[in-house]
Amino acid sequence: MRLGVNIDHIATIREARKAREPEPVAAALMAELAGAQGITVHLRGDRRHIKERDVELLRQVVATKLNIEMAATSEMTAIASRIRPDQVTLVPEQPHELTTQGGLDVVANRKAVAGAVKKLRAAGVLVSIFIDPDLAQVAASRGVGAGAIEINTGGYSDASAADRPARLDAVRRAAAEAASQGLEVLAGHGLTYVNVRPIVATPEIVELNIGHSIIARAALVGLERAVREMVALLEPR
Ligand code: PXP
């Protein structure tokens, strides 16, 4: 199972102060050094965290796989065609959402999504579509020419204990159907150190994109060292 680390939150911390640090490029390289097989960033329409400058630099330094999540707009497909990440993941985007809400409705937006897929493939970019675990969305994703899907695990992650088996089953059925149609199967959203194992045990899923939980843990496991280093600097010389 490959791990793609979503480093958007590193840019969110930087933008909290409009400062230079923390640098997303440094985070990407550290994640790669630690064994991540991919780096994911979401270039949002409002550029609230990741900027074009970041994706330009990441394109130059990421040696594994650079995956850019974006809306299926002409602005975004033009940027991706210029920067040429290894993969684009098409996602729905609402201006005021805290994070991506649900998968892209490919069934309802077939024409616009097909147009974006065509442009991206012509630029040599692999296209994945972030969809809910729904068989009609799987078929529509294949129909518009995507090479991969990322199954939204948000429903599974947020489910109550009683509801979780059914949510996991939906993810597994969508994964099996997508693989049988020749699509590469990725998954992500809301995965944590606690809930990831049943998803890992789904044989058709080859890659997970995980962000919040990894960056949240990094803030805590790194805090002690960061404080110690500042305490040392405050010692009398
Ligand atoms: N996949 C997609 C399409 C996303 O939009 C996100 C969140 O940016 C993720 C995966 C990662 O989700 P999380 O940050 O909850 O791990």
Side-chain angles (χ1 to χ4, degrees), residues 1-13 15 24 27-28 31 36-51 54-55 58 65-73 76 80 85-106 109 113 116-117 120 126-134 137-138 141 146-159 167 171 174-175 178 183-200 202 205-219:
M1 179 75 71
R2 303 192 301 260
L3 173 65
V5 178
N6 182 313
I7 58 168
D8 290 349
H9 283 5
I10 298 293
T12 298
I13 297 172
E15 294 309 310
Q37 289 97 344
I39 300 298
T40 294
V41 290
H42 185 171
L43 185 65
R44 299 187 68 100
D46 62 9
R47 309 293 195 275
R48 72 168 78 142
H49 39 56
I50 293 291
K51 317 277 183 208
D54 299 323
V55 289
L58 289 167
K65 170 180 172 183
L66 178 62
N67 172 40
I68 306 183
E69 298 170 359
M70 54 174 56
T73 61
M76 287 297 158
D86 299 290
Q87 179 179 287
V88 158
T89 301
L90 296 174
V91 298
E93 195 173 292
Q94 301 298 326
H96 300 296
E97 66 191 3
L98 282 179
T99 183
T100 311
Q101 299 295 321
L104 186 59
D105 189 347
V106 188
N109 298 285
V113 177
V117 172
L120 292 164
L126 294 173
V127 184
S128 177
I129 308 182
F130 182 62
I131 55 169
D132 289 333
D134 177 301
Q137 298 295 345
V138 171
S141 298
I149 56 159
E150 178 179 331
I151 300 175
N152 178 11
T153 51
Y156 159 79
S157 302
D158 295 342
R167 296 297 194 136
V171 170
L183 291 162
E184 189 173 45
V185 188
L186 291 67
H189 216 285
L191 296 176
T192 69
Y193 294 80
V194 174
N195 68 21
V196 75
R197 290 299 301 173
I199 299 295
V200 174
T202 305
I205 297 176
V206 297
E207 183 176 320
L208 299 179
N209 275 308
I210 306 180
H212 181 86
S213 192
I214 291 175
I215 305 301
R217 181 168 290 221

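These numbers were taken from a predicted model, which means no experiment stands behind them. Each ligand, and each atom within it, is numbered from 1 in the order the structure gives. Values below: every heavy atom of this structure, side chains too, minus hydrogens, waters and symmetry copies.
Each of the atoms 3 (C) of ligand 1 lies under 4.0 Å from some heavy atom of Val91. With ligand atoms numbered from 1 in the order given, ligand 1 contributes 1 (N), 2 (C), 3 (C), 10 (C) to contacts under 4.0 Å with heavy atoms of Glu150. Here is the list of ligand 1 atoms found below 4.0 Å of a heavy atom in Asn6: 8 (O). Short contacts between ligand 1 and His212, defined as distances under 4.0 Å to a heavy atom of the residue, involve ligand atoms 13 (P), 14 (O), 16 (O). Within ligand 1, the atoms closer than 4.0 Å to a non-hydrogen atom of Asn209 are 10 (C), 11 (C), numbered from 1 in the order shown.
Judged by distance alone, the side chain of Arg197 and the main-chain N or O of Asn195 form no donor-acceptor pair under 3.5 Å. Between the side chain of Asp8 and the main chain of His42, a donor-acceptor pair closer than 3.5 Å is present.
For Glu69, the closest heavy-atom approach to ligand 1 falls below 4.0 Å. Every heavy atom of Thr89 sits 4.0 Å or more from the atoms of ligand 1. For the ligand labelled ligand 1, residue Gly190 lies inside the 4.0 Å heavy-atom shell.
Rounded to the nearest 0.5 Å, atoms CG (Asp46) and CD (Glu93) are 6.5 Å apart. Going from atom CD of Glu184 over to atom CG of Leu126 covers 7.5 Å, rounded to the nearest 0.5 Å.
Of all protein heavy atoms, the one lying nearest to atom 6 (C) of ligand 1 is His189 CD2, 3.6 Å. Looking only at heavy atoms of the protein, atom 5 (O) of ligand 1 is closest to Thr100 OG1, 2.8 Å.
Contact check for Thr89 versus Leu186: no side-chain heavy atoms found under the 4.5 Å cut-off.
Closest approach of Asp54 and His49 over heavy atoms only: OD2-O, 3.9 Å.
Counting heavy atoms closer than 4.0 Å to ligand 1, residue His42 contributes nothing at all.
The existence of a salt bridge linking Lys51 and Glu15 is confirmed by a sub-4.0 Å separation between a basic side-chain nitrogen and an acidic carboxylate oxygen.
For Ser213, no nitrogen or oxygen atom sits less than 3.5 Å from a nitrogen or oxygen atom of ligand 1, counting backbone and side chain alike. Below 3.5 Å of separation, one finds an N or O of Gly211 facing an N or O of ligand 1.
Side-chain contact annotation: Thr40 with Asn6, donor-acceptor N/O pair under 3.5 Å absent.
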Check step by step if side chain to side chain contact (heavy atoms under 4.5 Å, CB included) holds for Thr153 and Val196. CA-CA 10 Å; Thr153 51; Val196 75; over 6 Å; no
